[in-house]
Amino acid sequence: MTQRRIDKERIERADREAKLLIEAETLARNAKTARLRALRLSSAQPTERPAPVKTRRPPAKKWSTKIIEVN
């Protein structure tokens, strides 16, 4: 049986191109993230006072049992 011929140069070239593509996508994603972060921070208005802290409701009243006396 003959062994399959492997084109190492083609594989190396594909690896290089894939790494370049991944690097370009990463740079684009980071640039977009930075742009959106800057936009969000510029549009956020500082609040004069912080939002009120939500408090828990008091526990519900326990109903007392009524005793009915029958004569």
Side-chain angles (χ1 to χ4, degrees):
M1 191 177 331
T2 61
Q3 192 173 10
R4 235 173 113 184
R5 191 173 146 204
I6 298 174
D7 189 1
K8 292 184 181 180
E9 290 179 12
R10 179 178 175 203
I11 293 172
E12 290 172 357
R13 187 173 57 246
D15 286 344
R16 278 195 311 271
E17 292 296 322
K19 286 179 184 178
L20 289 174
L21 182 64
I22 290 172
E23 186 177 331
E25 288 175 348
T26 303
L27 290 174
R29 185 174 57 247
N30 290 342
K32 180 180 177 184
T33 301
R35 181 176 50 83
L36 291 175
R37 181 180 295 125
L39 185 65
R40 185 180 69 238
L41 292 176
S42 69
S43 68
Q45 298 174 353
T47 58
E48 294 176 6
R49 54 189 167 137
V53 177
K54 291 184 178 181
T55 57
R56 294 180 125 185
R57 287 192 294 177
K61 272 184 152 181
K62 291 187 177 179
W63 295 96
S64 60
T65 57
K66 291 185 178 182
I67 300 175
I68 301 174
E69 294 182 15
V70 179
N71 292 340

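Bear in mind the structure is a predicted one, so any value in this text is a computation, not a measurement.
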Novice: Only distances under 3.5 Å count here; give the side-chain donor-acceptor pairs of residues 24-39 to other protein atoms, sequence neighbours excluded, each with its distance to 0.1 Å.
Specialist:
residue : atom : partner : partner atom : Å
T26     : OG1  : I22     : O            : 2.8
N30     : ND2  : T26     : O            : 3.4
T33     : OG1  : R29     : O            : 2.9

Novice: Using the side-chain contact (heavy atoms from CB on, under 4.5 Å) criterion, which residues pair with R10? Sequence neighbours excluded.
Specialist: D7, R13
Novice: Show which residues join I11 in its hydrophobic cluster (side-chain heavy-atom contacts under 4.5 Å, direct or indirect), or state none.
Specialist: I6
